[in-house]
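The structure under discussion appears below in the form of structure tokens.
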Amino acid sequence: MGELLGVAVLGAGHMGADHIRRLDRVTSGARVAAVADPDAARAKEAVAGVEAVSVHTEAEAALDAPGVGAVLIASPGPAHEEALLAAFARGLPVLCEKPMVPDSAGALRVLEAEARLGRRLAQIGFMRRYDAEYRRLKALLDDGHLGQPLMLHCTHRNVSSPPGFTSAMLIDSSVSHEIDAARWLLGQELTAVTVLRPRPSSGAPGGLLDPQFVVFETDGGALVDVEVFVNCGFGYQVRVEAVCEAGSARVGDDHGMRVTARGSAGTDVHQDYLVRFADAYDREVQDWVDATRRGRVTGPTAWDGYAASVVAEAGVRALEDGKRVPVDLAPRPALYG
């Protein structure tokens, strides 16, 4: 298919460094052409051993670097809007990690900017759509064998929350994945959200409302509940069970090595999302590279990124107010079907 696709990676933190490794060592048909991070030392550390890559402290300098034909945005969420608009101005295809833009107003500006172009350039990084188990569940729901979906029961647990993690981030950072997964699995929009709060776990940092129980309503009459618990202490667990008219199906159960010794038995529990969803990330980036080299843009759209931001924002309001909050989406541009 010709020469390698040169990718500028924006952000060299935990996620960005993993994508740099992936593009350099796992993905075929692409290379890391440039990296940008305000911390030059961190960027240089992330590209150690990567050949023919330029390092920058400004995102636009990386976009304009020689050999760049596409962009992977892995910087913090507040920097995404400016980076996406800069990529659009240059006609560069983009894979943008979630959230597309944290606030709904900024997400709408990105959505409208791409719609004015009249063609898609952005794919949003909702990687669960690329997980093998999630894809099997989606196919099962789509073929109708179990009848209409009535409920989704979701679990999202982390070992511990990072420093500075807030109660709102349980929804707009963690549950944002369930927001997109529910929309995708059901083929329905989320129309309202309610957040219930049990007493905080003793393992949660002071002031953090953890865990939370989030309930979404959909325009198809289904209900989606999410238990989010980011200081469970024992592992990273993500599960979803679809309850339908004629049966149910669940994915995300632990399938690691089982060890039996000294009168006990146990299985490994994932400790990190980069481990649990490693294959999904690999497949997501490879599909993006393959499509980009063919001149196409596939995968989750800017509309999906915008919808997730609006729903998450409504969820944060529901958390703060203790009330059911409707979701108010803008009209969907024709570009997104």
Side-chain angles (χ1 to χ4, degrees), residues 1-102 106 110 113-114 117 119-127 274 278 281-300 302 305:
M1 293 176 63
E3 64 181 84
L4 300 180
L5 175 69
V7 179
V9 179
L10 308 185
H14 189 54
M15 191 76 258
D18 192 59
H19 278 314
I20 290 167
R21 175 200 62 80
R22 179 172 292 104
L23 286 163
D24 185 56
R25 303 178 190 176
V26 179
T27 309
S28 63
R31 69 179 184 89
V32 182
V35 171
D37 193 284
D39 186 336
R42 180 168 64 180
K44 290 177 181 177
E45 181 181 356
V47 300
V50 180
E51 298 181 357
V53 57
S54 59
V55 175
H56 310 268
T57 56
E58 299 292 334
E60 294 203 13
L63 300 187
D64 293 331
V68 169
V71 187
L72 196 159
I73 300 175
S75 50
H80 288 186
E81 179 181 356
E82 183 177 356
L84 281 160
L85 296 179
F88 291 172
R90 291 162 174 79
L92 292 171
V94 187
L95 173 58
C96 180
E97 277 297 340
K98 70 87 186 171
M100 182 179 80
V101 179
V110 169
E114 188 180 50
L117 293 175
R119 62 189 179 105
R120 284 191 58 194
L121 284 177
Q123 174 178 325
I124 311 306
F126 291 115
M127 84 294 181
L274 293 181
Y281 279 115
D282 289 349
R283 188 175 296 110
E284 173 192 47
V285 174
Q286 187 65 68
D287 283 5
W288 173 66
V289 167
D290 291 345
T292 299
R293 296 181 76 201
R294 294 194 303 269
R296 300 179 57 206
V297 180
T298 58

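The figures that follow rest on heavy atoms only: side chains count, while hydrogens, waters and symmetry mates do not.
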Report yes if the side chains of [X] and [Y] come closer than 4.5 Å at any heavy-atom pair, otherwise no.
| X | Y | answer |
| --- | --- | --- |
| Q123 | C96 | no |
| L95 | E284 | yes |
| L10 | L63 | yes |
| V26 | Y281 | no |
| F88 | V110 | yes |

Do you know the tightest heavy-atom contact between [X] and [Y]?
| X | Y | value |
| --- | --- | --- |
| A43 | D37 | CB-CB, 3.9 Å |
| L117 | L121 | CD1-CD1, 3.7 Å |
| V289 | S28 | CG1-O, 3.7 Å |
| A74 | H19 | CB-CD2, 4.4 Å |
| A46 | A12 | CB-CB, 4.0 Å |
| A65 | S54 | CB-OG, 3.7 Å |

Distance in Å, [X] [atom1] paired with [Y] [atom2], rounded so as to fall on 0.5 Å steps:
| X | Y | atom1 | atom2 | value |
| --- | --- | --- | --- | --- |
| I124 | L84 | CD1 | CG | 6.0 Å |
| R293 | E3 | CZ | CD | 9.0 Å |
| L85 | E114 | CG | CD | 10.5 Å |
| L23 | D18 | CG | CG | 10.0 Å |

Considering residues, nucleotides and ligands other than Q286, do more than 12 of their heavy atoms fall under 6.0 Å from its CD?
-> yes
#### Entry: D290 vs T298, side-chain contact (heavy atoms from CB on, under 4.5 Å): CA-CA, chis, key distance, verdict
CA-CA 10 Å; D290 291 345; T298 58; over 6 Å; no
With sequence neighbours left out, the residues meeting side-chain hydrogen bond (donor to acceptor under 3.5 Å, both in side chains) with R90 are E60, D64
Sorted by chain and residue number, the salt bridge (charged side-chain N to carboxylate O under 4.0 Å, His left out) partners of D282 (sequence neighbours excluded) come out as R22
Can you check whether M100's main-chain N or O pairs, donor with acceptor, with H80's side chain at less than 3.5 Å? yes
